[in-house]
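Everything below concerns the one structure shown next.
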Amino acid sequence: MPKRLGAEARNEALVTLTGWRLVEGREAITKRFIFRDFSEAFGWMTRVALLAEKMDHHPEWSNVYKTVEVTLATHDAGGLTELDVKLARAMDALAG
Ligand SMILES: C[C@H](O)[C@H](O)[C@H]1CNC2=NC(N)=NC(=O)C2=N1
């Protein structure tokens, strides 16, 4: 199981992640992705889902039309780990 990031590693990761912020009252990061339309949003979710399954690391997310709200945390570790940072970067990359 991955280890929770220390405060320093967490902050370092956050400054390099665009659009991601800490959730209030919980050790997790969140970002709102807005696509051109539903097809773009759901296509992206499909690609992310396949990767998440491969990583065995799964997002909390919801979709309304072209908007996808994502929260990442490592439930097994009770906070943020390198897996969340890795998945966040991959989501950004897949969103173009
Ligand atoms: C048994 C299985 O490996 C675990 O439940 C995995 C699955 N996906 C997961 N996803 C996330 N985000 N956090 C976890 O702790 C986690 N644990």
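Ligands are counted one by one from 1 in listed order, and the atoms in each one are counted from 1 as well.
- Between the side chains of Arg89 and Thr16, at least one donor N or O lies within less than 3.5 Å of an accepting N or O.
- Listed here is the closest heavy atom pair of Phe33 and Met91: CZ-CB, 4.0 Å.
- Summarising the geometry of His57 relative to Asp84, their closest heavy-atom pair is NE2-OD1, 2.7 Å, with the distance given to 0.1 Å.
- The ligand atoms of ligand 1 that sit less than 4.0 angstrom from a heavy atom of Thr74 are 13 (N), 15 (O).
- Every atom of ligand 1 is numbered from 1 in the order shown, and the set under 4.0 Å from a heavy atom of Ala73 is 11 (C), 12 (N), 13 (N).
- Atom 4 (C) of ligand 1 has its closest protein heavy atom at Asp76 OD2, 3.5 Å.
- Using a non-hydrogen distance threshold of 4.0 Å, Ala77 does not register as a contact of ligand 1.
- Counting protein heavy atoms only, atom 8 (N) of ligand 1 is closest to His58 ND1, 2.8 Å.
- Across all their heavy atoms, Thr18 and Asp92 have their closest contact at O-OD2, 3.9 Å.
- When only interatomic distances are considered, the shortest N/O to N/O separation between Asp84 and ligand 1 does not fall below 3.5 Å.
- The protein atom (non-hydrogen) at minimum distance from atom 3 (O) of ligand 1 is Asp56 OD2, 2.4 Å.
- Contact annotation for atom 1 (C) of ligand 1: protein absent (non-hydrogen atoms, distance under 4.0 Å).
- Here the CD atom belonging to Glu27 is positioned 9.0 Å from the OG1 atom belonging to Thr74, to the nearest 0.5 angstrom.
- Close approach of ligand 1 to His75 (heavy-atom distance below 4.0 Å) involves ligand atoms 11 (C), 12 (N), 13 (N), 14 (C), 15 (O).
- Nearest approach of Ala41 to Tyr65, heavy atoms of both residues: CB-O, 3.8 Å.
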Exercise for the section: Report the C-alpha separation of Arg47 and Glu53 in whole Å, then their side-chain angles, then the decisive distance to 0.1 Å, and conclude whether the salt bridge (charged side-chain N to carboxylate O under 4.0 Å, His left out) test is met. Expected result: CA-CA 10 Å; Arg47 289 185 282 278; Glu53 188 62 2; over 6 Å; no

